[in-house]
K.L.:
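If you scroll down you'll find the structure; I have some questions about it.
Atoms within each ligand, like the ligands themselves, are counted from 1 in listed order. Since the structure is predicted, the reported quantities are computational estimates derived from the model, not experimental observations.
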Amino acid sequence: MALFSEGIRSMDDLFMHTLEDIYYAEHQIEKALPEMIGKATEAELKRGFEKHLEETRGQIKRLEDVFQKLGQEPKGTDCPAIDGIIEESNEIAGEIEDKRVIDAALIAAAQAVEHYEITRYGTLVAWAQELGLRGVVSLLQRNLKEEAATDKKLTNMAMKRANPKAAGKKSVTPARKAPARGRKTTTRKAATGKTTARGSSSRKGTSRGRRKAA
Ligand SMILES: [Fe+2]
Ligand SMILES: [Fe+2]
């Protein structure tokens with residue numbers, strides 16, 4: 001989106017221009033997702049992309065409701081930013097030979113898209129509130145919420161499986177200890193409990209540490 005395009009004179013113009021920008025972006029994402037579904041290797045990631053394709057179609061419908069409430073015909077405006085993000089992700093995924101790395105690359109690309117959408121919807125919600133466009137705020141907020149939830153799910157999938165797999169690790173779940181002789185049942189229970197607790201707290205610790213560092 002060119003924020004300083006000709007024809008943008010007021011905040012209303014700015015709002016409409018950004019609405020047309022995200023409308024165009026959602027259509028491009030709708031076209032790009034089937035290819036990402038086809039490339040994903042993990043069933044959970046495929047399902048996640050399929051679900052988001054459905055959500056994207058619903059988001060387009062909501063945007064059309066926003067246009068309608070504002071008395072405007074739905075239309076898109078070229079957005080070189082989303083075109084660039086999608087083009088780059090296609091190039092990267094096309095170049096990867098090692099199948100174990102593909103999901104990590106797809107998630108990274110999808111998160112770049114989600115973050116773009118989050119920034120656009122965040123802005124539109126704030127501007128709609130400022131302009132007193134009450135009827136459209138909740139529609140835009142619903143789209144924003146779905147994008148944020150998708151981004152979170154992608155982070156979880158990357159941390160749990162795709163990234164360790166891409167890095168050549170066989171499993172992220174710590175291996176269970178072999179039970180000690182003669183105390184089979186109790187030892188196994190204790191070992192399982194210990195392993196799980198230690199695994200989850202160390203993962204949490206890592207992500208907290210990363211958030212802090214970021
Ligand atoms: Fe979207
Ligand atoms: Fe999205």
K.L.:
Looking at Glu88, I'd like to know if its CD atom is crowded, meaning that more than 12 non-hydrogen atoms belonging to other residues, nucleotides or ligands lie closer than 6.0 Å.
P.N.:
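Check fails, neighbour count at 12 or below.
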K.L.:
Are there any protein N/O/S atoms under 2.8 Å from the Fe ion (ligand 2), and if so, which?
P.N.:
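Protein N, O or S atoms closer than 2.8 Å to the Fe ion (ligand 2): His52 NE2, Glu114 OE1, Glu114 OE2, Glu117 OE1, Glu147 OE1.
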K.L.:
State, without any angle test, whether Glu55 and His52 hold a side-chain donor-acceptor pair at a distance under 3.5 Å.
P.N.:
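The answer is yes; a qualifying pair exists.
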K.L.:
Would you find more than 12 non-hydrogen atoms of other residues, nucleotides or ligands less than 6.0 Å from Glu64 atom CD?
P.N.:
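Buried by this count: over 12 neighbours within 6.0 Å.
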K.L.:
Any heavy-atom pair between the side chains of Thr119 and His115 that's under 4.5 Å?
P.N.:
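The answer is no; the side chains never approach within 4.5 Å.
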K.L.:
Going through the checks in order, is the salt bridge (Lys or Arg N to Asp or Glu O under 4.0 Å) test met by Lys165 and Glu42?
P.N.:
CA-CA 11 Å; Lys165 191 175 156 188; Glu42 289 282 341; 3.1 Å; yes
K.L.:
Among Glu50, Arg57, Lys51, which one satisfies side chain to side chain contact (heavy atoms under 4.5 Å, CB included) with Leu53?
P.N.:
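Option passing the side chain to side chain contact (heavy atoms under 4.5 Å, CB included) with Leu53: Arg57.
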